Participant: 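Let me begin by handing over the structure; questions about it come next.
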Amino acid sequence: MFKAAEDGPVTITRRDGESLVLTKSSDAKRQRAGLELAAHLVAASLSPEDQPFEERLRLPFPWTEFLTAEDRATFAKEVVDVARACAAVSQFDHLLVTIKAWQSTAEALASGYTADEDLDWLDEPVHAPDPRTE
């Protein structure tokens with residue numbers, strides 16, 4: 001029975017009580033984290049303020065400050081779409097991945113990341129002297 005739980009949740013049917021579900025602790029933690037994120041989204045959507053939804057997401061996700069206004073709008077739409085899909089199948093792993101990907105983008109921007117299209121590329125290589133010989 002424990003071995004089977006490694007592959008997925010196992011329902012234990014009891015004659016004298018309610019059925020039980022045996023699952024890995026890590027799976028239960030991921031599910032709780034996904035539900036917590038979904039709760040943040042619901043709270044932001046129900047906020048009585050007159051701010052756009054993407055602005056209300058700054059409270060539960062303060063790192064969105066580092067995203068452009070356009071990216072915050074894209075984040076808001078994507079995270080709602082993914083949350084709905086995840087809720088439909090009761091699996092929130094994809095929501096966790098989506099949030100983490102956006103957070104990683106915000107962290108990169110906060111650290112000074114420059115997009116390739118914003119860089120000046122050299123047409124010819126430039127020789128740089130060896131700093132150890134100077």
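Predicted model, so just to flag it, every value in this text is computed and none were measured.
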Participant: List in chain and number order the residues that pass salt bridge (Lys or Arg N to Asp or Glu O under 4.0 Å) with D71, two or more places apart in sequence or in another chain; answer none if no residue qualifies.
Facilitator: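 Salt bridge (Lys or Arg N to Asp or Glu O under 4.0 Å) list for D71, sorted by chain: empty.
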Participant: Check S19 against T11 and note the closest heavy-atom contact, atom names and distance.
Facilitator: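 Minimum heavy-atom contact is CB-CG2, 4.1 Å.
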Participant: Do the side chains of L22 and L20 join up, straight or via other hydrophobic residues, at under 4.5 Å, putting them in one cluster?
Facilitator: yes
Participant: So, for T133 and D130, which heavy atoms are closest and what is the spacing to 0.1 Å?
Facilitator: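 Nearest heavy atoms, T133 then D130: OG1-O, 2.9 Å.
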Participant: For residues 115-127, which residue pairs pass the side-chain hydrogen bond (donor to acceptor under 3.5 Å, both in side chains) check, not counting sequence neighbours?
Facilitator: none
Participant: Report the residues that fulfil side-chain contact (heavy atoms from CB on, under 4.5 Å) with S111, sequence neighbours left out, ordered by chain and then residue number.
Facilitator: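 If we apply the side-chain contact (heavy atoms from CB on, under 4.5 Å) test to S111, skipping adjacent residues, there are no hits.
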Participant: Residues two or more places apart in sequence or in another chain: which of them pass salt bridge (Lys or Arg N to Asp or Glu O under 4.0 Å) with R84?
Facilitator: none
Participant: Determine the minimum heavy-atom distance between A44 and R56, stating which atoms define it.
Facilitator: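 Closest approach of A44 to R56: O-NH1, 2.8 Å.
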Participant: Roughly how far apart are D81 CG and T98 OG1, rounded to 0.5 Å?
Facilitator: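 Taking CG in D81 and OG1 in T98, the distance rounds to 10.0 Å.
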Participant: Could you pull out all residues at least two apart from L122 that satisfy side-chain contact (heavy atoms from CB on, under 4.5 Å)?
Facilitator: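 L122 satisfies side-chain contact (heavy atoms from CB on, under 4.5 Å) with V126 only.
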Participant: Could you pull out all residues at least two apart from T105 that satisfy side-chain contact (heavy atoms from CB on, under 4.5 Å)?
Facilitator: L67, L109
Participant: So do the side chains of F75 and F61 get within less than 4.5 Å of each other, counting heavy atoms only?
Facilitator: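 Counting from C-beta outward, F75 and F61 do come under 4.5 Å.
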Participant: State which residues pass salt bridge (Lys or Arg N to Asp or Glu O under 4.0 Å) with E55; sequence neighbours excluded, sorted by chain then number.
Facilitator: R58, R72
Participant: Mind jotting down which residue pairs meet the side-chain hydrogen bond (donor to acceptor under 3.5 Å, both in side chains) criterion with at least one end in residues 28-42? Sequence neighbours excluded, please.
Facilitator: D27-R30, R30-D93
Participant: How would you list, by chain and number, every residue that makes a side-chain contact (heavy atoms from CB on, under 4.5 Å) with F66, sequence neighbours excluded?
Facilitator: A106, A110
Participant: So which heavy atom on L41 is nearest to which on F53, and how close?
Facilitator: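 Scanning both residues completely, I find the closest heavy atoms to be O-CE1, 3.9 Å.
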Participant: Please list, chain by chain and in numerical order, all residues satisfying ring-ring contact (aromatic ring centres under 6.0 Å, His included) with F92, sequence neighbours excluded.
Facilitator: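 For F92, no residue satisfies ring-ring contact (aromatic ring centres under 6.0 Å, His included) once neighbours in sequence are set aside.
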Participant: Same cluster or not: are Y113 and W63 linked, directly or through other Ile, Leu, Val, Met, Phe, Trp or Tyr residues, by side-chain heavy atoms under 4.5 angstrom apart?
Facilitator: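 Cluster IDs for Y113 and W63 match.
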Participant: What is the minimum heavy-atom distance between T23 and P9, and which atoms define it?
Facilitator: OG1-CG, 4.2 Å
Participant: Going from NZ on K100 to CG on L96, what distance comes out if it is rounded to the nearest 0.5 angstrom?
Facilitator: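 Going from the NZ atom of K100 to the CG atom of L96 covers 11.0 Å.
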Participant: Test of understanding: with side chain to side chain donor-acceptor pair (under 3.5 Å), list the residues that count as partners of Q91, not counting sequence neighbours.
Facilitator: none
